[in-house]
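Worksheet for the structure shown next.
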Amino acid sequence: MLTILKTFLSRFLILLLSFGLVIFSTQYWGSDGKGTISIVIANAAMISFFSGIFTGSSTSYFASKFRTEQILLYSYLWSIITGITIPLLFSFSEIQSAYLFHLIGISIFSALLSVNVNLFIGMRNIKMFNIYTFLQQLLHVIFLFGFIFILNLKEVSAYFVAQIFCLALLFLISFFQIIKKCKSSNFIFSSDVLKNMFDYGWKNQLSALIQFLNYRLSFYFLEHYEGISAVGIFSVGITFAEAIWTITRSIAVVLYSEVINSKNRAESILKTKHSLKISFSLMVIFILGIIIIPSSVYELIFGRAFRATKEIMVILAPGIIAIAMSDMIGYYFSGIKELKILNIKSIAGLFVTIVFSLILIPKYGIYGAGIATVSSYCLSAFILFYHFYRSTDFKLKDFLISKNDLKEIKFKFLKK
């Protein structure tokens with residue numbers, strides 16, 4: 001519980017920095033600039049799902065099962081290969097080709113850093129995971145402000161260059177932290193390591209990639225039907241959602257670390273239900289706060305072009321809660337290697353995203369994108385909940401924090 005509290009604090013600080021970065025980028029570059037950032041970062045995130053076959057959850061899962069040196073060997077090589085080759089597939093339009101080298105830099109260093117951070121998760125070193133996750137956001141802001149206000153770089157490209165410098169610096173620091181514990185004689189190729197990491201990695205990443213398309217495919221439909229400015233406006237609502245998810249996903253990461261290192265299935269289920277309680281309570285608080293804020297405040301913060309942000313957030317609210325809670329169950333299934341259900345829920349959600357986007361975006365624009373997105377979120381979450389509770393009892397108390405839970409939190413906090 002104390003680990004969750006510390007992780008929550010770390011992610012809450014990240015949430016504040018994320019909001020600050022969104023506000024700054026929308027005010028400084030407007031809806032067109034924000035749209036460009038959203039498309040490039042969406043492409044980088046999509047590339048990360050290919051690199052994540054060796055750099056993502058497979059690194060965490062096998063951290064306690066294989067030698068660190070063997071994991072690093074395959075993961076680093078794969079990071080560089082995918083970071084260079086996959087971005088070339090995104091150079092088909094003016095926006096993507098203009099920022100191709102930025103995309104390559106972000107992809108390579110993001111993947112390399114991901115290897116090290118996921119090793120910390122697998123080793124149950126959540127403290128270092130929290131530190132590096134927080135520093136990614138903090139250093140990005142520091143580098144960005146330095147480039148803009150000291151070096152006088154005013155173009156949108158400054159956003160991406162700052163991110164590259166941030167990722168590269170953190171990778172080097174974490175690399176020397178990890179490598180000092182390794183032995184050069186252990187850096188040997190192993191077909192067993194390769195086979196197991198690839199088998200687990202591609203299955204897990206396939207689900208993650210499809211789910212990501214559920215999150216981002218509406219951007220591309222909006223760019224096609226409404227233009228880049230509409231993407232910028234809609235992306236603010238999505239950014240809000242994902243910033244909030246950083247809080248609950250911090251809980252999910254702790255859960256995942258415990259599940260992959262546990263041999264007791266019943267205990268893992270209880271921990272999953274406990275995580276659901278915390279996630280649900282936090283989501284209700286954040287969503288109520290977002291709904292209470294008047295539309296005029298959003299317009300004041302982000303600019304006149306973003307006056308529709310409040311309405312977008314209201315549309316997305318049910319889906320934000322659904323995904324935040326279903327993440328707990330998704331990490332549980334990933335931790336016990338039941339990956340098939342993750343692919344099923346992601347494919348179902350993607351189908352809804354495509355069909356609803358084609359129907360609703362041409363007719364309702366940004367609001368149609370919101371309806372398509374929330375429909376996908378809710379269906380994906382429903383499938384996970386159904387599968388999880390089919391093998392365990394469903395109780396309302398799984399979603400509500402009790403007095404005993406509060407007493408336990410207080411006891412563990414004071415004990416520390």
Side-chain angles (χ1 to χ4, degrees), residues 22-23 25-26 29-43 45-46 93-95 210-245 283 286-324 326 345-383:
V22 171
I23 293 170
S25 59
T26 53
W29 289 300
S31 58
D32 284 355
K34 178 58 180 168
T36 299
I37 291 172
S38 298
I39 290 294
V40 174
I41 297 303
N43 289 341
M46 198 175 302
S93 72
E94 183 178 349
I95 292 177
I210 298 172
Q211 187 63 37
F212 175 77
L213 291 176
N214 294 340
Y215 298 156
R216 286 293 184 272
L217 200 58
S218 54
F219 282 19
Y220 299 98
F221 282 112
L222 269 176
E223 182 187 11
H224 176 73
Y225 289 113
E226 302 288 329
I228 193 66
S229 181
V231 176
I233 296 169
F234 182 68
S235 69
V236 171
I238 297 295
T239 302
F240 260 86
E242 294 180 350
I244 294 172
W245 287 337
M283 282 300 96
F286 279 109
I287 293 300
L288 286 177
I290 288 172
I291 293 176
I292 291 172
I293 297 175
S295 299
S296 57
V297 174
Y298 288 99
E299 186 175 343
L300 177 66
I301 293 174
F302 299 110
R304 188 170 299 177
F306 296 87
R307 66 183 63 182
T309 299
K310 169 66 177 291
E311 288 79 6
I312 294 172
M313 290 304 302
V314 172
I315 293 173
L316 293 176
I320 293 173
I321 294 176
I323 290 296
S326 66
K345 65 93 178 176
S346 297
I347 292 172
L350 180 61
F351 177 78
V352 170
T353 297
I354 294 173
V355 173
F356 280 30
S357 293
L358 288 171
I359 296 173
L360 298 176
I361 291 178
K363 189 173 183 179
Y364 300 108
I366 295 174
Y367 300 110
I371 296 172
T373 300
V374 74
S375 300
S376 173
Y377 288 178
C378 290
L379 177 61
S380 297
F382 172 79
I383 292 173

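Nothing fancy with the numbering, it's 1 onward along the sequence. Values in this document were obtained by computation on a predicted structure and should not be read as measured data.
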Residue set satisfying side-chain contact (heavy atoms from CB on, under 4.5 Å) with Ile293, at least two apart, ordered chain then number -> Val297, Tyr298
ask   = In this structure, are over 12 heavy atoms from other groups packed under 6.0 Å from Phe382 atom CZ?
value = no
Heavy-atom nearest pair, Pro294 first then Lys310, reads CA-NZ, 4.2 Å
| query | Considering only heavy atoms from C-beta outward, does the side chain of Ile361 approach that of His224 to under 4.5 Å? | reply | no
Any Thr36 side-chain heavy atom under 4.5 Å of Asp32 side chain: no
Kindly indicate whether the side chain of Ile371, heavy atoms from C-beta on, has any atom under 4.5 Å from the side chain of Tyr364.
no
Ignoring hydrogens and geometry, is there a side-chain-to-backbone donor-acceptor pair from Ser380 to Lys345 under 3.5 Å?
yes
Value for SG (Cys378) from CD1 (Ile320), rounded to nearest 0.5 Å, stands at 10.5 Å
Name the atoms and distances for all side-chain donor-acceptor pairs under 3.5 Å in residues 347-360, with sequence neighbours left out.
unit_1	atom_1	unit_2	atom_2	d
Thr353	OG1	Gly349	O	3.0
Thr353	OG1	Ser376	OG	3.0
Ser357	OG	Thr353	O	2.6

